Amino acid sequence: MLCHKTVRLLDPRTPLYKSWRPTFRLLLCREGREHMAGVSHRSSSAHTGAKSDKTVKKLSVEGNIAAGKSTFLRLLCSAQQEWSLVAEPLGKWQHVRSASHRDVDNLLQHLYADPSRWSYTFQTLSCMSRFKAQIEAPPERLLQLADPVQIYERSVYSDRFVFAKALSELGHLNEMEWSLYQDWHSFLIEEFGKRAALDGIIYLRATPGRCFERLQKRARKEEKTVTQDYLVKLHDQHERWLIEKTTDVHFQHIRDTPILVLDVDEEFEDDPLVSEQLSNKVKEFVDSL
Ligand SMILES: Nc1ncnc2c1ncn2[C@@H]1O[C@H](COP(=O)(O)OP(=O)(O)OP(=O)(O)O)[C@@H](O)[C@H]1O
Ligand SMILES: Nc1nc(=O)c2ncn([C@H]3C[C@H](O)[C@@H](CO)O3)c2[nH]1
């Protein structure tokens, strides 16, 4: 469980937060300078309108549980070998480490076994690990390329606008927890906004029934209690956020991010033709950004 001090540190209304904010800002500025001293990333310049020819295009791949994101990314990366992929930090959630790096617990297991007890803790870890991944400098080899592309498996945005929101509506995050989550999430987006910004989103769209079949086929041990109803709920959140655009997204740059929708209900894993068609669509989309 997150200690009370950390919760208060992340809550803008508390004195603890106010006393730490200047230190936090200083750290952010230092990191910012290091970042600026390197190659200018597209996401840093996108908001100033400035473009350099060595910018990294950052995209996330979004979609329901077991829609086929990892599978799709594997295919994509073999078609576009120079692109860099940042996988979802699932291992960090399954093997939570102590300060002395001992493997202490499996938070994904706890989440599904007792969602009301563990959802807030899980969203804290999932979102923090995504933030760290999203603001990390791209690998050096990527910066040597003329048109570098980095693709993330999900993002800090789906963490909030799909999962945390669904868990709040299901009552697994209570009103206080949902409010705390939104407070620190907004704070981090405002502070890191440009560095965590995306140039595009690829939405892998599959019916909840198909996802449920794939989930059962994959048979991840922690997910035995995941129901089709939960997948329907997550599907609806994706649809409201990325298709209907009725989700209340407070950040203009996220609302404006271009979206490519790919239907992945079809079984394409072993079909090179379908894989090639999908990967060509992604390439066209990336070139258009
Ligand atoms: N297009 C496809 N055709 C056939 N099988 C697929 C396809 N996409 C994924 N699968 C299978 O479905 C299962 C789930 O796929 P995968 O692990 O890629 O999902 P995911 O979206 O990354 O899941 P998660 O949300 O848990 O990260 C795997 O067993 C995979 O082999
Ligand atoms: N609650 C919750 N919030 C998230 O942000 C989130 N991201 C992924 N997951 C779950 C889905 C798969 O079981 C498994 C691997 O994707 O982890 C999440 N669950």
Side-chain angles (χ1 to χ4, degrees), residues 60-77 85-96 106-134 151-173 177-178 181-182 185 202-228 230-231 233-235 237-238 241 262-279:
S60 76
V61 170
E62 306 290 353
N64 208 340
I65 303 178
K69 292 175 297 301
S70 314
T71 307
F72 175 78
L73 284 168
R74 263 198 307 278
L75 295 171
L76 191 63
C77 282
L85 158 69
V86 181
E88 194 166 55
L90 176 64
K92 288 193 180 157
W93 312 337
Q94 291 171 309
H95 303 279
V96 178
N106 182 339
L107 188 50
L108 187 69
Q109 178 84 50
H110 286 310
L111 170 76
Y112 287 127
D114 189 353
S116 292
R117 166 67 182 82
W118 291 103
S119 286
Y120 184 76
T121 315
F122 188 89
Q123 292 317 129
T124 307
L125 179 64
S126 60
C127 200
M128 283 302 182
S129 52
R130 291 189 207 282
F131 260 111
K132 284 183 192 165
Q134 252 179 269
I151 305 209
Y152 301 87
E153 190 176 359
R154 295 207 179 103
S155 62
V156 296
Y157 309 118
S158 41
D159 201 283
R160 174 166 172 173
F161 299 116
V162 174
F163 286 99
K165 190 164 180 295
L167 293 171
S168 140
E169 288 170 11
L170 288 164
H172 296 318
L173 286 176
E177 290 168 327
W178 179 220
Y181 174 94
Q182 292 183 96
H185 188 279
I202 301 164
Y203 172 29
L204 298 190
R205 193 181 195 198
T207 54
R210 179 64 90 198
C211 295
F212 195 59
E213 276 169 31
R214 290 181 183 163
L215 181 119
Q216 290 180 314
K217 174 178 149 198
R218 178 178 64 197
R220 193 179 274 151
K221 72 175 167 43
E222 295 90 345
E223 294 174 342
K224 281 187 191 130
T225 56
V226 173
T227 61
Q228 190 159 338
Y230 182 56
L231 298 187
K233 184 88 192 156
L234 294 178
H235 175 76
Q237 295 293 358
H238 279 96
W241 172 38
L262 294 177
D263 189 331
V264 293
D265 246 19
E266 205 176 329
E267 303 290 292
F268 61 74
E269 209 175 4
D270 302 315
D271 187 336
L273 205 68
V274 183
S275 307
E276 196 187 331
Q277 282 167 353
L278 289 174
S279 119

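All values reported here derive from a predicted model rather than from experimental measurement. Each ligand, and each atom within it, is numbered from 1 in the order the structure gives.
The shortest contact between atom 11 (C) of ligand 1 and any protein heavy atom is with Lys217 NZ, 3.7 Å. Nearest protein neighbour of atom 22 (O) of ligand 1, counting heavy atoms only, is Ser70 OG, 2.6 Å. The shortest contact between atom 23 (O) of ligand 1 and any protein heavy atom is with Arg218 NH1, 2.8 Å. Looking at atom 31 (O) of ligand 1, its nearest protein heavy atom turns out to be Glu269 OE2, 2.7 Å. From the protein, the heavy atom lying nearest to atom 18 (O) of ligand 1 is Thr71 OG1, 2.5 Å.
Ring orientation note: the planes of His110 and Trp118 are close to parallel, at an angle under 30° on the 30°/60° scale.
Heavy-atom separations between Arg220 and ligand 2 include at least one value shorter than 4.0 Å. Distances from ligand 1 to the non-hydrogen atoms of Arg154 include at least one value under 4.0 Å.
Counting heavy atoms under 4.0 Å from ligand 2, residue Leu111 touches it through the side chain alone. Under 4.0 angstrom from ligand 1, the non-hydrogen atoms of Asn64 all belong to its backbone. Here Val226 has no heavy atoms under 4.0 Å from ligand 2, in either its backbone or its side chain. In Glu222, neither the side chain nor the backbone holds a heavy atom less than 4.0 Å from any atom of ligand 1.
No donor-acceptor pair under 3.5 Å is formed between the side chain of Ser168 and the backbone N or O of Ala164. Ser119 places no side-chain N or O within donor-acceptor distance of the main-chain N or O of Ser116, the cut-off being under 3.5 Å. Arg214 contributes a side-chain N or O that, together with a main-chain N or O of Ala67, makes up a donor-acceptor pair within less than 3.5 Å. Under the 3.5 Å distance criterion, the side-chain polar atoms of Arg154 are matched with a main-chain donor or acceptor of Gly63. Looking at Asp265, its side chain does come within 3.5 Å of a backbone N or O of Thr207 through a donor-acceptor pair. Side chain of His185 to backbone of Val156: a donor-acceptor contact under 3.5 angstrom is found.
Proximity to Asp159 (heavy-atom distance under 4.0 Å) selects the following atoms of ligand 2: 5 (O). The contact set between ligand 2 and Leu108, taken as ligand atoms under 4.0 Å from a residue heavy atom, comprises 17 (O). Counting the atoms of ligand 2 from 1 in the order shown, those under 4.0 Å from a heavy atom of Leu167 are 1 (N). Applying the 4.0 Å criterion to heavy atoms of Glu223 picks out, from ligand 2, the atoms 12 (C), 13 (O), 14 (C). Annotation for ligand 2: atoms under 4.0 Å from non-hydrogen atoms of Tyr112 are 10 (C), 11 (C), 12 (C), 13 (O).
By the side-chain hydrogen bond (donor to acceptor under 3.5 Å, both in side chains) test, Glu169 pairs with Lys165, Lys233, Gln237, sequence neighbours left out.
Residue nearest to atom 6 (C) of ligand 2, selected from Glu88, Glu222, Arg130: Arg130 (by heavy-atom distance). Nearest to atom 21 (O) of ligand 1 by heavy atom, out of Arg210, Glu223, Lys69, is Lys69. The option from Arg214, Glu267, Glu153, Glu266 that lies nearest to atom 10 (N) of ligand 1, judged by heavy atoms, is Arg214.
Remark: Glu267 CD is packed, more than 12 non-hydrogen atoms of other residues, nucleotides or ligands lying under 6.0 Å away.
Remark: ligand 1 and Gly68 share an N or O pair separated by less than 3.5 Å (distance only, no angle test). Backbone and side-chain nitrogen or oxygen atoms of Trp93 are examined, and none is located within less than 3.5 angstrom of a nitrogen or oxygen of ligand 2.
Residues Asn106 and Lys221 come closest through the heavy atom pair ND2-NZ, 3.5 Å.
With rounding to the nearest 0.5 Å, the separation of CZ in Phe161 from CD in Glu62 is 11.0 Å.
Taking 4.0 Å as the cut-off between side-chain N and carboxylate O, Lys69 and Glu88 do not count as a salt-bridged pair.
In summary, the side chains of Ser70 and Glu153 do present a donor paired with an acceptor at a separation below 3.5 Å, with no hydrogens or angles considered.
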